[in-house]
Amino acid sequence: MINQENPIAPRYNLTTLILFWCSLIVVSSLYLTIPLFSVFEDVFQVSSSKAAWAGSAFSFAFAGGALLFGGLSDRYGRKKMMITGLGLLTISTPFIGTVHEFQWLIVLRVIQGLAASMFPPSVLAYAMEMFPATKRVTILGFISTAFLMASIVGQIYSSTIVMELSWNYVFYILGIVYFVSLFLITLGIPKDITHKSKDNFFTPLKRIGGIFKKKSLPICYIISSTLFIALVGFFSTIGSYLSSPLFGLSHQEILWVRAAGIIGMFISPFDGGLVTRFGVKNVLWCGLILAGIGLGLVGISENLALLIPTSIIFTAGIAMALPALLSLIGTLAGELRASALSFHMFMLFIGASLGPIISIYLIDTQGHRSTFEVLAGLLLISTVVPLFIRLENKETITPINQQNQTIS
């Protein structure tokens, strides 16, 4: 249940900062191997499609873990699950830098993905339960922005470390960062109230069946997976595209192009106001169309002056569509909101798992520009999905963080 005593209020700013930071660094782990694919090809002597599994293995584990550990946080508490996840990340992450065989890299990335999956469902539930209603909009806006920014920050971090040191230090240093963050979570945020639950470990999984009985809800997950297929597919493609003879950029120059995408993501905290003013389906449509057009223009951009702004348009569209989709799913799910949002995260990271695999295949068979166009086509095709979503007149769409809700 949402905590009515608002014990977090005296430490609101500090808690917001800590949750933002930890959300950013945990989800960044998904993306930090994208710039390392070519490095892994050389170091481990594997093909480009096999190297992409360094990202996909994490994503599949993250997706599956999100379904399981969301339920565990109901039983054992949100803060305990966040601490456990960061503790396991602190232990497992440095070991990745020590491996000499590619199969062990994949095994440890799976473990890392399972550990990381404990954090996002727990931090979202913590924010919904522990923050007062007047502050809940802001904290969830910060967390959502952190999740989106992680897609670029993780790549910038690993690219920078590789240029200055070697790929091993990407994981050594990140292990230290997780260790420090573990102490921040442990000492810096108030303890949440754990509610006794008679549910067993598999109860949250059983509830997922009810999602598919909700009118219009199941088709929303088509968009969930499509968004991250496009997002991760774009980042898996852009590095080799910019280093190709067409552009011939250096690693440092590619780093700046990746960083530019952060500009588009700053629209995310304002998405709640857009939904309130224009309606959730209109904002979702606009985001999908904007992302599709931006990505399509990236594919035809033959000069950097056009490619950078079109990539910003793409990331802005993703940043607009994701929170709107979250609001829509939360409203359609009703009493199954917690399970529906957990399944949404599952589908997001299934998309993130498929993104590198699809993009590497398309690059090898069709080329970079066709890869961007195919991914853009997926986004634009998904704009038909909202046409089949019907909202009852009694359902008032507001941002998910403004709804009166119970996490169960």
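Residue numbers run from 1 in the order of the sequence given. As the structure is a computational prediction, the values presented were derived from the model and not from experiment.
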For the residue pair [X] and [Y], establish whether any side-chain heavy-atom pair is separated by less than 4.5 Å.
X	Y	result
Ser224	Ile329	yes
Cys220	Leu332	yes
Phe228	Leu354	no
Tyr361	Ser49	no
Ile189	Lys79	yes
Leu30	Phe62	no
Leu304	Leu242	yes
Ile262	Met149	yes

Donor-acceptor pair, side chain of [X] and main chain of [Y], under 3.5 angstrom:
X	Y	answer
Thr33	Leu36	no
Tyr157	Ser29	no
Glu253	Ser250	yes
Ser225	Gly351	no
Ser158	Gln155	yes
Ser311	Gly261	no
Arg78	Val123	no

Once you round to the nearest 0.5 Å, how far does [atom1] of [X] lie from [atom2] of [Y]?
X	Y	atom1	atom2	value
Leu284	Phe278	CG	CZ	15.0 Å
Leu231	Leu148	CG	CG	7.5 Å
Ile293	Leu295	CD1	CG	11.0 Å
Ile173	Asn168	CD1	CG	10.5 Å
Ile308	Asn303	CD1	CG	9.5 Å
Ile318	Met320	CD1	CE	11.0 Å

Mind telling me whether [Y] and [X] have parallel, tilted or perpendicular rings, with 30° and 60° as the class edges?
X	Y	answer
Tyr221	His344	tilted
Tyr31	Phe235	perpendicular
Tyr241	Phe372	perpendicular

Identify, with sequence neighbours excluded, every residue that meets salt bridge (charged side-chain N to carboxylate O under 4.0 Å, His left out) alongside Arg258.
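Counting only residues at least two positions away or on another chain, Arg258 forms no salt bridge (charged side-chain N to carboxylate O under 4.0 Å, His left out).
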Compare every heavy atom of [Y] with every heavy atom of [X], then report the nearest pair and how far apart it is.
X	Y	answer
Lys50	Phe102	O-CZ, 3.2 Å
Leu86	Cys22	CD1-SG, 4.3 Å
Ser240	Thr237	OG-O, 3.2 Å
Ser151	Met265	OG-CE, 3.1 Å
Leu114	Ala61	CD2-O, 3.5 Å
Ser23	Ile143	OG-CG2, 4.0 Å

By the salt bridge (charged side-chain N to carboxylate O under 4.0 Å, His left out) test, which pairs, at least two apart or in different chains, include something from residues 354-378?
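Matches after skipping sequence neighbours: Glu302-Arg369.
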Per the side-chain contact (heavy atoms from CB on, under 4.5 Å) rule, which among Leu379, Leu378, Ile357 passes with Ile229?
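Single pass found, and it is Leu378.
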Pair Thr90-Ile176, side-chain contact (heavy atoms from CB on, under 4.5 Å): steps then yes or no
CA-CA 7 Å; Thr90 300; Ile176 297 172; over 6 Å; no
Go through it in stages, so that I can follow the logic: the residues are Met82 and Val26, the test is side-chain contact (heavy atoms from CB on, under 4.5 Å), and I'd like the CA-CA distance, side-chain angles, deciding distance and then a yes or no.
CA-CA 10 Å; Met82 288 188 279; Val26 168; over 6 Å; no
So, His368 and Ser244: side-chain donor and acceptor under 3.5 Å apart, yes or no?
no
From CA spacing to verdict: side-chain contact (heavy atoms from CB on, under 4.5 Å), Leu288, Leu227:
CA-CA 8 Å; Leu288 289 170; Leu227 282 173; 3.7 Å; yes
With ring centroids as reference points, do [X] and [Y] lie under 6.0 angstrom apart?
X	Y	result
Phe44	Trp167	yes
Phe349	Phe60	no
Phe40	Phe37	no

Any chance you could lay out the side-chain contact (heavy atoms from CB on, under 4.5 Å) test for Ile222 and Ile219, step after step, and finish with the verdict?
CA-CA 5 Å; Ile222 297 173; Ile219 61 174; 4.3 Å; yes
Please name all residues satisfying side chain to side chain donor-acceptor pair (under 3.5 Å) with Gln45, sequence neighbours left out, ordered by chain then number.
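Checked Gln45 against side chain to side chain donor-acceptor pair (under 3.5 Å); zero matches.
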Quick one: list whatever passes side-chain contact (heavy atoms from CB on, under 4.5 Å) with Thr93, sequence neighbours left out.
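Checked Thr93 against side-chain contact (heavy atoms from CB on, under 4.5 Å); matches are Leu89, Gln112, Phe171, Leu174, Tyr178.
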Could you pull out all residues at least two apart from Val107 that satisfy side-chain contact (heavy atoms from CB on, under 4.5 Å)?
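Applying side-chain contact (heavy atoms from CB on, under 4.5 Å) to Val107 gives Trp104, Ile111.
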Among residues two or more places apart or on two chains, list those pairs meeting ring-ring contact (aromatic ring centres under 6.0 Å, His included) that have a residue in residues 284-305.
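The answer is none; no pair qualifies.
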In terms of heavy-atom contacts, does CZ of Phe179 have more than 12 from other residues, nucleotides or ligands at under 6.0 Å?
no
